There are 2 protein chains.
Amino acid sequence: MAVTIYDIAKTAGTSHTTVSRALRGNAKISVEVRRNVQRIAAELGYRPDRTARMLKSGKTHSIGVLLPDFANPFHTEFLQAVQRLCQDRGYHLFPVDYRNDEKLERQALEHMLERRCDGCIASLMRFEPLRDLLQEFWDSRIPILVAGLPEDVGNTPVDGYREDFSVGIRQAIEHLVGLGHREIIFAGSWHEDAGVAGDRFEFLQAAYRDSGLTWSHDRIARHWTGDQLADGKASARIIFDKQPNTTAILGANDLFCVGLIRGLTDMGMSIPADVSLIGTDDTWTARYWPTPLTSISQDTESQATFAVETLLGRLESHQWQPSQCMTLNSELIIRESTAAPRTG
Amino acid sequence: MAVTIYDIAKTAGTSHTTVSRALRGNAKISVEVRRNVQRIAAELGYRPDRTARMLKSGKTHSIGVLLPDFANPFHTEFLQAVQRLCQDRGYHLFPVDYRNDEKLERQALEHMLERRCDGCIASLMRFEPLRDLLQEFWDSRIPILVAGLPEDVGNTPVDGYREDFSVGIRQAIEHLVGLGHREIIFAGSWHEDAGVAGDRFEFLQAAYRDSGLTWSHDRIARHWTGDQLADGKASARIIFDKQPNTTAILGANDLFCVGLIRGLTDMGMSIPADVSLIGTDDTWTARYWPTPLTSISQDTESQATFAVETLLGRLESHQWQPSQCMTLNSELIIRESTAAPRTG
DNA sequence: CTGAAAGCGCTAACAG
DNA sequence: CTGTTAGCGCTTTCAG
């Protein structure tokens with residue numbers, strides 16, 4: 001059916017090996033033979049079969065990128081950054097959206113193992129139940145880099161990075177307290193026992209205390225169905241039903257915030273007049289929102305750079321010793337969604 | 001390195017053929033042998049090598065999905081819809097974001113050919129310069145389905161669908177004229193000679209005339225750099241510099257509208273008090289925006305369904321006769337971004 | 001029901 | 001510089 005190097009070899013009157021070499025230009029081949037082969041290949045409409053190449057060479061030149069939700073601008077911005085970095089290095093991306101579904105998440109990881117991706121970058125919901133697969137990646141010598149790696153990975157050998165939200169959260173709380181807020185809620189949509197969000201609570205707690213606020217678990221409003229927009233919208237009511245005195249909210253991610261704003265608006269509240277809001281991630285939604293969102297910013301570009309460099313570094317140097325984890329800083333960007341609370 | 005069926009065969013004391021059969025469950029294999037093989041495979045941590053499977057069987061079980069911009073919710077919503085439909089049918093998606101870059105677009109298409117995708121769904125910038133590749137897909141018996149197929153595909157054999165914007169645009173113009181608008185601009189960010197947008201102009205023109213408005217090319221404001229958000233933002237000023245009497249704008253896509261709103265807001269204009277705005281695509285941004293956008297809605301779900309059904313239909317039935325093109329209707333959804341123009 | 005043998009399209013020693 | 005030979009890991013006839 002499709003034309004192969006054998007077809008080219010036949011019409012060129014040479015061996016398929018020569019064709020293979022001529023087409024890729026590495027080896028020493030006489031100029032005329034090369035040109036002739038290339039001409040014939042073009043005439044015949046030859047396309048190399050990558051699946052064959054992969055099998056033979058054991059390299060797929062592809063990096064799997066596992067993300068929870070392509071609808072979330074944070075993840076697509078990250079993906080685009082990764083893509084820009086990879087394409088110059090000759091790697092193709094194999095992006096997978098597991099849509100906040102743990103079953104799909106696991107399947108996707110297994111799929112990457114079976115597809116023999118050269119490497120993998122993954123933003124996981126929960127680290128814990130995937131330890132076995134992560135170990136398998138390591139054993140198969142497929143470097144995998146995990147975004148939002150929890151503090152305690154135990155003896156599971158993985159690379160990764162983690163946001164240090166302590167700074168950003170502290171700045172956020174101080175900013176709000178400075179404006180006069182006392183009733184601040186941290187709201188978001190995450191899985192009950194997600195590791196990442198857990199980390200933030202300690203920072204939160206510390207930040208609250210250091211700013212002279214009393215801490216209690218009521219300060220956290222979690223609502224999870226897997227749909228960030230809907231969860232955000234629903235949260236508006238939930239928060240004010242339980243804590244009617246709330247004057248400021250920290251939203252766990254920008255997509256959730258979009259939903260939250262919708263919910264608040266529907267309740268007749270406006271931002272920042274009735275309630276102050278701080279987003280997290282600082283995606284285009286935060287920047288372009290009619291009332292631009294004050295946000296705790298993650299540096300997507302740095303994350304992507306670290307991820308790609310670490311991954312390709314491992315790939316190209318075959319270093320399999322220590323696993324790396326980088327900590328990145330977060331920072332508060334003040335815009336217009338925060339203001340002094342309504343008095344009285 | 002990795003464990004193969006030969007390794008399993010050896011420890012199971014059988015042939016690799018039997019192992020292959022036992023593992024997939026299709027062929028007739030005695031229950032005990034099958035169980036034994038499966039147990040050993042699990043113990044050894046066997047993972048089938050998909051690249052080998054692909055090469056041997058000639059099927060990759062993957063559908064390439066080529067899209068211009070993952071940052072645009074319209075495209076990711078489509079992608080997620082396609083994914084939902086494909087996963088039940090046993091196909092994996094291979095999504096590629098060509099980031100509005102014609103060079104990357106072409107490369108990606110070639111890559112799918114070389115990766116031997118079973119099929120392909122593509123939303124292209126311009127049809128014209130890709131005719132040769134589209135023909136190649138057809139010749140290679142790789143069904144490809146093009147979103148936003150132009151009216152005139154000549155003799156290039158491709159499947160596709162196209163939005164019929166005439167209805168939506170007519171409704172939009174009538175809606176605006178009904179509210180009292182006379183100075184309506186169609187604004188967007190598209191490549192100079194993109195085929196799709198061209199279609200809309202005729203509808204536009206007809207719709208303008210039928211509503212008793214005078215038509216001229218000044219009614220169209222095109223600004224293209226490839227970044228929808230930035231283009232939208234910049235367009236606000238451009239539009240009012242040229243046409244200060246504008247009272248309503250039709251935005252070519254939702255991401256562009258987000259930018260446009262930003263630009264308008266920066267100029268101190270509010271929606272719909274100072275200017276009415278109608279979006280296109282009706283993504284979550286339109287629905288969740290603080291002032292929910294009146295939108296010309298494309299039915300993403302229908303598009304995805306048609307795309308997947310047509311593609312898999314071809315794949316499974318090996319029908320290579322007539323190429324199909326479906327026309328889908330658009331419809332105006334009225335929300336809060338449109339109102340009567342300021343009098344005087 | 002099971003095994004032996006062939007080969008998917010390509011790359012990579014190893015000889016010439 | 002070029003050709004011969006041998007697989008990569010798997011599926012698939014074709015005989016037992």
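Quick caveat, the model's predicted, so the values are computed rather than measured. In what follows, every chain begins at residue 1, and chains take the letters A, B, ... in the order their sequences are listed.
Here B/Thr18 reaches the OP1 or OP2 of C/dG3: one of its side-chain N or O atoms lies under 4.0 Å away. Note on B/Ser20: a side-chain N or O is less than 4.0 Å away from OP1 or OP2 of D/dT11. Remark: B/Thr4 is not in phosphate contact with D/dG9, judged by side-chain N or O atoms under 4.0 Å from OP1 or OP2.
The overall bend of the helix from C/dC1-D/dG16 to C/dG16-D/dC1, read as the angle between its terminal helix axes built from five base pairs each, is 40° when rounded to 10 degrees.
Side-chain atoms of A/Thr17 and base atoms of D/dT4 include a donor and an acceptor less than 3.5 Å apart. Interface remark: the B/Arg21 side chain does form a donor-acceptor pair with the C/dG3 base, using a distance-only criterion of under 3.5 Å. You won't find any donor-acceptor pair under 3.5 Å spanning the side chain of A/Arg116 and the base of D/dG9, going by distance alone. On a pure distance criterion of 3.5 Å, a polar donor-acceptor pair joins the side chain of A/Lys56 and the base of D/dG7. Side chain A/Tyr6 to base C/dC10: a donor-acceptor pair is found below 3.5 Å. Checked by distance alone, B/His16 brings no side-chain donor or acceptor within 3.5 Å of a matching partner on the base of C/dT2.
Rounded to an integer number of Å, the gap from CG of B/Leu113 to P of C/dG9 is 15 Å. Following rounding to the nearest Å, A/Asp49 (CG) and D/dC10 (P) show an atom-to-atom distance of 17 Å. B/Glu114 places its CD atom 10 Å from the P atom of C/dC10, with the value rounded to the nearest Å. Atom CD1 of B/Ile29 and atom P of C/dG3 are 8 Å apart (whole Å). When rounded to the nearest whole Å, the span between NZ of B/Lys10 and P of C/dG3 equals 16 Å. B/Met54 places its CE atom 16 Å from the P atom of C/dC10, with the value rounded to the nearest Å. Rounded to an integer number of Å, the gap from CZ of B/Arg53 to P of C/dG9 is 19 Å. In this entry the distance linking CZ of B/Arg115 with P of C/dC8 reads 22 Å, nearest Å.
Partners of B/Leu85 according to the side chain to side chain contact (heavy atoms under 4.5 Å, CB included) rule, which considers only residues two or more places apart in sequence or in another chain, are B/Ala304, B/Thr305, B/Val308. With sequence neighbours left out, A/Arg106 forms a side chain to side chain contact (heavy atoms under 4.5 Å, CB included) with A/Glu110, A/Leu130, A/Asp132, A/Leu133. Partners of A/Thr310 by side chain to side chain contact (heavy atoms under 4.5 Å, CB included), not counting sequence neighbours, listed by chain and number: A/Leu145, A/Asp159, A/Phe306, A/Gln324. Remark: A/His111 pairs with A/Phe94, A/Arg115, B/Arg50, B/His92 by the side chain to side chain contact (heavy atoms under 4.5 Å, CB included) rule, at least two apart or across chains. For A/Asn36, the side chain to side chain donor-acceptor pair (under 3.5 Å) test picks out no residue, with sequence neighbours left out.
Taking for each of B/Gly13 and A/Thr51 the nucleotide of DNA chain C with the nearest heavy atom, the 5'-most of the two is the partner of B/Gly13. Toward the 5′ end of DNA chain D lies the nearest nucleotide of A/Val33, the other residue of the pair B/Leu55 and A/Val33 mapping further downstream.
With B/Ile121 as reference, B/Val82 is the one residue of B/Leu66, B/Val146, B/Val82 to meet the side chain to side chain contact (heavy atoms under 4.5 Å, CB included) rule.
A donor-acceptor pair shorter than 3.5 Å cannot be found between the side chains of B/Thr60 and B/Arg116. For the residue pair B/Asn155/B/Gln135, the side-chain donor-acceptor check at 3.5 Å is not satisfied.
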